[in-house]
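As structure tokens, the structure follows; a few thoughts come after it.
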Amino acid sequence: MSTAKKLREEQSEPLSWPRDVSHEPRLSIGQVTEQVKAEFPALTLSKIRYLESEGLITPQRTDSGYRKYSAADVERLRFVLSEQRDSYRPLRVIREQLAALDAGHEVDRIPTARVVSDHGVSKLPATEHVSVRQLCDLTGASKAEIEEFTSLGLLSPDLSGYFRAKSINVVKLILTLRSEGINPRNLRSIRQAADRHADIIDNTVEPIRSRARSADIERARAKSAELAELAADLHREFLRISIDKLSD
């Protein structure tokens, strides 16, 4: 069946979300990557194919078998990637969100990540890493504080002295806890526990990643993120139980 005929048949069915964007398949996977990569620099072709295999985006196929994406597909892809980046939602939750949107319901979304500094509200950088100066500007921390947190092992710069962009939220949380009377030195056990949990998760997904196929590598990353969310939830519940015991 030709792509045009498929499109005519699908137009008689309710359109998937977003409905106010063209559903005509015109874009190749390379063109989609070019459109979205500026906002999500880590995006790869294998990542897009993996999200397709998970049913999160559904491009059309030409008679020759090539994928063709619509503007609506691009917006769904942006939705998935932003939910992963900004709210760390696992794919199963994002799939439920898309199903709700397809059914015409509203879903709760976390707005594009922003931080408040002395200079006002700033959008988080789209890059994977930030410099010490950016980290200071985006968190309000001083260079001396960044150096202190690094010496305590709470932050880990690369060989060039750059930090992962996620360190922005880490610094903000450390500063908040310090303002509440908790010495950053006492937070090292939390960092060490996180590293141990990461090792457990890494060992769990290693059989998937070791297959070395691009789809399996993406599947291992998604599984790691989902397990991390579950581990964080478990830690939160254990902490609540321990706090409750203090007041018994």
Side-chain angles (χ1 to χ4, degrees), residues 40-42 81-90 93-94 108-204 221-248:
F40 303 95
L81 296 175
S82 63
E83 287 296 292
Q84 285 186 307
R85 180 194 64 191
D86 300 337
S87 62
Y88 309 104
R89 297 191 198 276
V93 174
I94 299 175
D108 292 330
R109 296 196 63 186
I110 294 178
T112 301
R114 295 175 182 270
V115 294
V116 178
S117 67
D118 293 337
H119 308 293
V121 179
S122 305
K123 187 175 181 180
L124 287 180
T127 58
E128 290 291 304
H129 296 82
V130 294
S131 65
V132 173
R133 181 175 179 177
Q134 287 176 304
L135 200 52
C136 292
D137 289 343
L138 292 169
T139 63
S142 66
K143 184 177 179 181
E145 286 175 319
I146 299 301
E147 291 174 349
E148 175 192 359
F149 301 158
T150 300
S151 68
L152 291 173
L154 301 176
L155 298 175
S156 302
D158 61 20
L159 294 177
S160 301
Y162 279 72
F163 298 84
R164 289 186 177 275
K166 290 184 176 64
S167 299
I168 295 169
N169 285 333
V170 170
V171 172
K172 289 172 60 184
L173 289 169
I174 295 172
L175 292 174
T176 300
L177 289 169
R178 168 180 269 178
S179 71
E180 295 292 334
I182 297 180
N183 191 316
R185 186 177 300 276
N186 295 328
L187 301 176
R188 289 183 296 181
S189 61
I190 298 178
R191 172 60 193 265
Q192 292 164 357
D195 288 339
R196 290 196 297 271
H197 296 161
D199 288 339
I200 293 172
I201 292 171
D202 185 60
N203 290 333
T204 302
R221 288 174 180 165
K223 188 66 174 178
S224 295
E226 185 170 347
L227 291 174
E229 285 294 310
L230 292 172
D233 288 342
L234 180 60
H235 174 81
R236 185 181 301 108
E237 294 307 315
F238 280 147
L239 185 57
R240 287 172 176 166
I241 291 171
S242 297
I243 293 296
D244 287 343
K245 288 181 179 178
L246 297 178
S247 58
D248 289 344

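- Annotation for Ser224 and Ile201: closest pair CA-CG2, 3.7 Å, computed over non-hydrogen atoms.
- Residues satisfying the side-chain hydrogen bond (donor to acceptor under 3.5 Å, both in side chains) test with Ser151, not counting sequence neighbours, are none.
- When all heavy atoms of Arg164 and Val130 are compared, the pair lying nearest together is O-CG2, 4.2 Å.
- With values rounded to the nearest 0.5 angstrom, Ile146 atom CD1 is found 6.5 Å from Phe163 atom CZ.
- Between atom CZ of residue Arg240 and atom OG of residue Ser242 there is a gap of 12.5 Å, rounded to the nearest 0.5 Å.
- In this model, no donor atom of one side chain and acceptor atom of the other lie less than 3.5 Å apart for Arg89 and Ser82.
- Shortest non-hydrogen contact noted between Cys136 and Ala141 is CB-O, 3.2 Å.
- Between Ile243 and Phe238 the shortest side-chain heavy-atom distance does not fall below 4.5 Å.
- Remark: Leu138 CG to Ile168 CD1 distance equals 4.5 Å, nearest 0.5 Å.
- More than 12 heavy-atom neighbours from other residues, nucleotides or ligands sit within 6.0 angstrom of CG on Leu246.
- By the 4.5 Å heavy-atom criterion applied to side chains, Tyr162 and Pro157 are not counted as neighbours.
- Going from atom CG of Asp195 over to atom CG of Asp202 covers 12.0 Å, rounded to the nearest 0.5 Å.
- Atom-to-atom distance recorded for Leu154:CG and Arg191:CZ is 7.5 Å, nearest 0.5 angstrom.
- Looking only at distances, a side-chain donor or acceptor of Ser131 sits under 3.5 Å from a matching main-chain atom of Gln134.
- Among residues two or more places apart in sequence or in another chain, the salt bridge (charged side-chain N to carboxylate O under 4.0 Å, His left out) test is passed with Arg236 by Asp233.
- For the atom pair CG of Asn169 and CD1 of Ile174, the computed distance is 11.0 Å after rounding to the nearest 0.5 Å.
- Pairs engaging residues 177-187 under the side chain to side chain donor-acceptor pair (under 3.5 Å) rule: Glu145-Arg178, Glu148-Arg178 [sequence neighbours left out].
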